[in-house]
Amino acid sequence: TLKFEAMGKRSKRGIDEKEDCKLPESSSRNDNEEQLLERIGSLLDDKALAARLASAALQLDVLRAIAQLLDQSVRMGIDYRNLGLGWHHPSSRTAYRAAQHKSITAPSSRERAAGSKRLLSDALSACVDQEIDAEQVVVQAFLREIGVPLESTAAESATFSGTAAALEAEILLPLRALNEGEITQTMFGGALPVEELKEVVTAITKAVLSCAGGFSEWRYSTAKGQEQLRGLSQEQKALWREPTEMEHARGVRSHEDEAGELGFFWATKIGGPSHGFDYESQCILPLLANARHKVILVSDPSWPSHPVGRAHWRLLWSVGNGKTKSEPEPRLWLETMNSDFDASNVSSDVLEAAGLQHAMSKAQAMKVPLSVESWLKDDLQRLLERFFREIKEG
């Protein structure tokens with residue numbers, strides 16, 4: 001059984017992240033310099049260059065970023081420019097990491113990966129020779145890999161902290177797909193507003209690379225984002241923005257991603273398949289670009305690779321009624337919990353219960369009504385009964 005908590009454990013990070021642009025906390029922070037250099041040498045097929053990098057005494061954050069850049073652009077690289085977007089790409093995050101999918105092993109993808117390796121190898125050699133700054137190498141290489149011209153506004157405002165955060169979140173391929181893919185029509189052939197979509201993708205990319213935490217700050221500070229939250233109190237706005245997390249039984253954790261919200265790029269690769277950054281790409285943009293749209297993710301210790309459950313999580317407004325002079329009111333709307341296809345050992349009931357409990361808790365803290373799918377009524381009722389019973393029992 002899952003124990004209900006009034007608000008769960010609340011993260012204190014995320015809202016003020018942009019002010020100091022701190023580098024992200026690495027999930028691989030236990031990697032030492034020797035391990036990172038070995039990884040770099042292996043991915044470059046050049047142990048000699050790795051040894052030269054060791055003599056350059058680069059910061060650990062820079063070495064980690066180089067290793068992640070090589071992993072995502074070379075080992076996992078997909079050539080979206082030539083393969084295009086579509087249903088022929090992987091449907092789970094583990095498939096990208098395994099690097100065995102036909103999109104990754106395709107000749108054009110391998111040819112591009114080889115070119116990426118050569119260019120980065122040359123840049124790192126120049127870095128060792130002190131011809132170029134190491135952080136600059138990482139930033140410029142990342143921009144090239146996601147198809148963003150160096151003379152663009154996104155490139156001009158790109159920082160190492162923003163780039164390092166993007167690499168830590170493993171979003172090189174999502175950004176490459178969005179920037180290089182042709183988002184021109186729906187799967188049914190309906191025309192899309194191409195130029196408007198390009199503007200949104202450019203704004204997203206610029207925000208991600210501007211600073212660690214820049215993406216989440218941008219989502220809530222745009223004119224459209226502020227309008228979507230207009231009517232909430234300052235406390236409610238802060239609670240909605242917060243990357244809330246809750247601990248449940250057996251080590252299960254529900255969370256609205258982490259500070260920075262870069263996990264949103266991978267969210268729709270959990271379950272489905274309905275859409276993702278490289279198929280039906282226009283459908284992920286509302287999640288990435290709107291302040292009113294988030295996801296509740298669920299992580300389970302039996303599936304440590306990445307979050308195993310995902311449900312769309314929205315702040316909506318009632319229409320109001322002119323006849324009764326009632327004003328529009330906020331509503332929290334929780335969609336169905338999807339579970340990762342590859343994680344067949346994880347109970348969907350556990351994921352669903354964690355998501356519901358999380359949503360109830362957040363709605364209670366914000367003092368906003370919660371709406372859920374009709375077939376979740378019985379589950380929600382059981383949680384409510386348990387909650388009030390625990391209050392009564394003290």
Side-chain angles (χ1 to χ4, degrees), residues 13-26 58-59 61-62 64-66 68-69 72-73 80-81 116 119-120 123 126-127 132-181 183 194-227 241 243 257-266 277 281 284-291:
R13 300 175 56 203
I15 295 177
D16 298 325
E17 189 97 5
K18 189 173 186 293
E19 294 181 2
D20 52 17
C21 286
K22 293 179 180 177
L23 289 172
E25 292 185 11
S26 173
L58 301 180
Q59 294 290 321
D61 288 329
V62 174
R64 183 178 294 111
I66 293 169
Q68 292 168 334
L69 179 60
Q72 294 169 45
S73 65
Y80 292 113
R81 190 180 293 130
S116 297
L119 287 170
L120 190 53
C127 173
I132 184 173
D133 178 71
E135 292 186 358
Q136 187 179 358
V137 166
V138 172
V139 173
Q140 291 184 357
F142 189 89
L143 289 165
R144 181 180 64 246
E145 292 301 335
I146 64 172
V148 173
L150 294 181
E151 64 274 12
S152 66
T153 56
E156 291 174 359
S157 60
T159 65
F160 177 72
S161 72
T163 304
L167 286 166
E168 182 64 31
E170 212 171 27
I171 62 171
L172 185 150
L173 288 179
L175 286 174
R176 177 188 284 184
L178 291 172
N179 279 280
E180 293 187 353
I183 310 175
V194 175
E195 293 306 315
E196 291 181 35
L197 292 177
K198 285 183 178 179
E199 289 179 6
V200 173
V201 169
T202 297
I204 289 170
T205 304
K206 183 177 180 180
V208 167
L209 298 180
S210 66
C211 183
F215 172 64
S216 59
E217 178 65 25
W218 169 81
R219 277 171 30 86
Y220 300 107
S221 62
T222 65
K224 288 183 178 179
Q226 291 179 348
E227 177 62 23
R241 290 182 57 169
D257 193 40
E258 313 291 346
E261 300 182 323
L262 295 179
F264 287 5
F265 284 85
W266 283 102
F277 51 79
S281 306
I284 197 176
L285 296 181
L287 168 61
L288 300 178
N290 284 293

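Evaluation of the salt bridge (Lys or Arg N to Asp or Glu O under 4.0 Å) test over residues 136-150, restricted to residues two or more places apart or in two chains, returns Glu145-Arg176.
Using modelled atom types and a 3.5 Å distance limit, the side chains of Gln72 and Glu170 yield no donor-acceptor pair.
Side-chain contact between Leu58 and Ile66 is present, with at least one heavy-atom pair separated by less than 4.5 Å. A heavy-atom distance below 4.5 Å is not found between the side chains of Val139 and Leu209. Contact check for Val208 versus Trp218: no side-chain heavy atoms found under the 4.5 Å cut-off. Considering only heavy atoms from C-beta on, Phe265 comes within 4.5 Å of Ile204 through its side chain. Within the 4.5 Å cutoff, side-chain heavy atoms of Val62 are placed close to those of Phe160. Under the 4.5 Å side-chain criterion, counting only non-hydrogen atoms from C-beta, Asp257 is not in contact with Pro243.
Looking at every heavy atom in both residues, Glu180 comes nearest to Gly147 through OE2-CA, 3.4 Å. Looking at every heavy atom in both residues, Ala212 comes nearest to Ser161 through N-OG, 3.3 Å. Here the closest non-hydrogen pair linking Cys127 and Val137 is CB-CG2, 4.2 Å. The nearest pair of heavy atoms linking Ile183 to Val194 is O-CG2, 3.8 Å. The heavy-atom pair separating Ala65 from Leu167 by the smallest distance is O-CD1, 3.5 Å. Counting all heavy atoms, side chain and backbone alike, Arg64 lies closest to Asp61 at NH1-OD1, 3.3 Å.
Between the OG atom of Ser73 and the CD1 atom of Ile146 there is a distance of 11.5 Å, given to the nearest 0.5 Å. Considering CG of Leu119 and CD of Gln140, their distance stands at 11.5 Å, rounded to 0.5 Å. The CZ atom of Phe264 sits 8.5 Å away from the CG atom of Leu288 when rounded to the nearest 0.5 Å. Going from atom CG of Leu69 over to atom OG1 of Thr163 covers 9.5 Å, rounded to the nearest 0.5 Å.
Residues meeting the side chain to side chain contact (heavy atoms under 4.5 Å, CB included) test with Ala177, sequence neighbours left out: Tyr80, Leu85, Phe277, Asp278. With sequence neighbours excluded, the residues satisfying side chain to side chain contact (heavy atoms under 4.5 Å, CB included) with Ala126 are Glu131, Ile132.
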ask   = What do the steps show when you test Thr205 against Leu178 for side chain to side chain contact (heavy atoms under 4.5 Å, CB included), and what is the final call?
value = CA-CA 9 Å; Thr205 304; Leu178 291 172; 6.0 Å; no
Side chain to side chain contact (heavy atoms under 4.5 Å, CB included) assessment of Glu261 paired with Phe215 = CA-CA 7 Å; Glu261 300 182 323; Phe215 172 64; 4.3 Å; yes
query = Between Glu217 and Arg241, does a salt bridge (Lys or Arg N to Asp or Glu O under 4.0 Å) hold up when you go through it step by step?
reply = CA-CA 9 Å; Glu217 178 65 25; Arg241 290 182 57 169; 3.2 Å; yes
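Remark: Glu156 CD is packed, more than 12 non-hydrogen atoms of other residues, nucleotides or ligands lying under 6.0 Å away. Around the CD atom of Gln59, the shell of radius 6.0 Å holds no more than 12 heavy atoms that belong to other residues, nucleotides or ligands.
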